Asks: 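So that we are looking at the same thing, I have put the structure below in structure tokens.
As a basis for the values below, the full set of heavy atoms in this structure was taken, side chains included, without hydrogen atoms, waters or symmetry mates. On a predicted model such as this, the values are computed, not experimentally measured, just so you know. Note on naming: letters A, B, ... go to the chains in the order of the sequence lines (proteins, then strands), and numbering restarts at 1 for each one.
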Amino acid sequence: MALTLYNTLTRRKEEFAPLDPANVRMYVCGPTVYDFAHIGNARPVIVFDVLYRMLRDRYGAGHVKYARNITDVDDKINAAAKANGEPIAALTARTAAAFHEDVAALGCLPPDVEPRATQHIAPMTRMVEALIASGHAYVAEGHVLFAVPSMPDYGRLSRRDRDELIAGARVEVAPYKRDPADFVLWKPSPPDLPGWDSPWGRGRPGWHLECSAMSEVHLGETFDIHGGGLDLIFPHHENEIAQSVCAHRGKPFVKFWLHNGFVTVNGAKMAKSEGNFVTIRDVLKQAPGEAARLAMLTAHYRDPLDWTAERLTEAKRTLDRFYLALRAVEDVPATGQGAKARGALDDDLNTPLALAALHEDLAALNKAQTRAEKSRLKGALLDSGVLLGILQQEPESWLKGASSDSGAAEIEAQIAARNAARKVRNFAEADRIRNDLALKGILLEDGPGGTTWRRAG
RNA sequence: GGCCGGAUGGCAGAGUGGUUAUGCAGGGGACUGCAAAUCCCCGUACAGCGGUUCGAUUCCGCUUCCGGCCUCCA
């Protein structure tokens, strides 16, 4: 079955085929490192991680090159560093490290390359020079601006024309712009802010330029997939297209544009001013990263997703059920290549449908009588789990959590005491111990093979 | 104002021109000293109004409501 993806460029699902039949190249807009990442930032990272896994599954792990940038030069960074009284380099290093920890906890594979803007200034200035030379950019008052009217196709991705943009403009047009729609490629930097020497004086790049330059360096002038949040369609991706296509003498830039929907929190847009700004770290205090990941995948990536505590706990309980079933077949080897989720994910990453398939396998596994059936269904579940980035932990470690050995020994001692009480039918004492442990979040399970325990969520 | 998406049972959330997913919650039952888990049974929902059709939740139009974008934004 072919992989189909919804292409923002054409506004329809298209069959995916890489430009180079054996190798896939994908670029996703990464974080601007000035503050902790929030769950809205987490969505594209998770969504495109699933796509990355699907592509690796289909083309081979060594045949997919995934680039996700880190924006480490930006006005918001400058402002945050000033506000904290922290050197800019310290802020970006600290924030980038936190981002890596956060997304690793969410089960996301690292990209193959993670280019940083500050390490790609030379390719950026080269691109600006090429744009000036070809008449697509001009210098004005120390700025270099992209001349939007020089590109007839401008606005194709976001489906808007120049006149509409000007009519709807909310911002004052800088006086040095030849055309109100023109945007900054390079701007002057005062001595107290990061800057690099350039033919146009000491300055720093405009926001859109880095993605054009870094994708060219790492993926080439034309590549397969470019992803990011819905809000990046305009202006960011529109401007990337303009820069890259014009700098590359009209060569196409990206074949598939993919955009994820927004995350709201309890029905409201997330904003610091609203007081509902939820960072990944906040979420990880409430539930394991895998639960947060699953919660994120319960909606289709293009639809809006409302983040609630219920959604997170439900995801956590769902994983409990899966791991409980997997624990029951721990001694059965996994066989088969029957990831049911694959078919659903092939259809524009339909993760909710994929999860429904997993639930069917789960029910079948719970009912399975023979070892062969169990083995096959366990394999199907784990294979699907690889694609979604879930169910890869040891069931025991998921169910017992990160308890210290001494804590576990203490629980085992309590269990032994309770079983002794049960043996003499002293159920009052047995229940006292059960309740005691329950208060600590420990759930005892009496089974035919003895008593086990897990952490209840 | 312009452009683009949405509206499915208590909640979450797929899908389909006719047989109406899946999960949670809820009700009943089996199992169980209790508990948990598991299994079985139970819900004909697709914003409203027109149209096309033998038949529409699914296609078309209009209306209402919600959301995103219009050079900070995942």
Asks: Give a yes/no answer on whether the side chain of Arg321(A) brings an N or O atom under 4.0 Å of OP1 or OP2 in G23(B).
Replies: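 It does not, given that no N or O in the side chain of Arg321(A) lies less than 4.0 Å from OP1 or OP2 of G23(B).
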
Asks: Please verify the inter-ring angle class for Tyr52(A) with Tyr66(A); under 30° counts as parallel, over 60° as perpendicular, anything in between as tilted.
Replies: tilted

Asks: Quick one: the dot-bracket string of RNA chain B, using Watson-Crick and G-U wobble pairs with both distances under 3.5 Å, [ ] for crossing pairs and | for bases paired to another strand.
Replies: (((((((..(((.....[...))).(((((.......)))))....(((((..]....))))))))))))....

Asks: Classify Ala363(A) by what it touches in the nucleic acid, base, sugar-phosphate, or nothing, heavy-atom distance under 4.0 Å.
Replies: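 Sugar-phosphate only.
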
Asks: Please determine if a side-chain N or O atom of Trp453(A) lies less than 4.0 Å away from the OP1 or OP2 oxygen of A36(B).
Replies: no

Asks: Is the cationic atom of Arg178(A) (NZ for Lys, CZ for Arg) positioned less than 6.0 Å from the six-membered ring centroid of Tyr138(A) and within 45 degrees of its normal?
Replies: yes

Asks: Is there a side-chain contact between Lys269(A) and the phosphate of C69(B), meaning an N or O under 4.0 Å from OP1 or OP2?
Replies: yes

Asks: Is it true that the side chains of Thr308(A) and Asn266(A) contain a donor and an acceptor less than 3.5 Å apart?
Replies: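 The answer is no; no qualifying pair exists.
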
Asks: Do the charged groups of Arg432(A) and Glu429(A) touch, with an N to O distance under 4.0 Å?
Replies: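 A salt bridge is present here (some side-chain N lies under 4.0 Å from a carboxylate O).
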
Asks: Report which part of the nucleic acid Leu444(A) touches: base, sugar-phosphate, or nothing (heavy-atom distance under 4.0 Å, all strands).
Replies: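 Answer is base: heavy atoms of Leu444(A) come under 4.0 Å of a base.
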
Asks: Just checking Val184(A): base, sugar-phosphate only, or nothing, at a heavy-atom cut-off of under 4.0 Å?
Replies: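 Here Val184(A) touches no strand at all.
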
Asks: For a quick check of understanding: with a heavy-atom distance under 4.0 Å over all strands, which category does Leu443(A) fall into, base, sugar-phosphate or nothing?
Replies: sugar-phosphate

Asks: May I ask you to decide whether Arg342(A) forms a salt bridge with Asp346(A), counting only side-chain N to carboxylate O separations under 4.0 Å?
Replies: no

Asks: Across nucleotides 8-17 of chain B, 5' to 3', mark each nucleotide with B, S or - according to how protein heavy atoms within less than 4.0 Å reach it.
Replies: ----SSSS--

Asks: Under a 4.0 Å heavy-atom cut-off, which of residues 279-288 of chain A touch RNA chain B?
Replies: none

Asks: Is any NZ, NE, NH1 or NH2 atom of the basic residue among Asp49(A) and Arg68(A) found under 4.0 Å from an Asp or Glu carboxylate oxygen of the other?
Replies: no

Asks: With a non-hydrogen cut-off below 4.0 angstrom, is Gly40(A) in contact with a base, only sugar-phosphate, or nothing?
Replies: base

Asks: Please list, chain by chain and in numerical order, all residues satisfying side-chain hydrogen bond (donor to acceptor under 3.5 Å, both in side chains) with Arg156(A), sequence neighbours excluded.
Replies: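 In terms of side-chain hydrogen bond (donor to acceptor under 3.5 Å, both in side chains), with neighbours along the sequence ignored, Arg156(A) is linked to no residue.
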
Asks: Are any of the side-chain nitrogens in Asp75(A) or Arg204(A) under 4.0 Å away from the carboxylate oxygens of its partner?
Replies: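 So Asp75(A) pairs with Arg204(A) through a salt bridge.
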
Asks: How would you summarise protein contacts on nucleotides 27-34 of chain B per nucleotide, using B for base, S for sugar-phosphate only and - for none, with heavy-atom distances below 4.0 Å?
Replies: ------BB

Asks: Mind jotting down which residue pairs meet the ring pair (Phe, Tyr, Trp, His ring centres under 6.0 Å) criterion with at least one end in residues 299-329 of chain A? Sequence neighbours excluded, please.
Replies: Phe322(A)-His359(A), Tyr323(A)-Trp398(A)

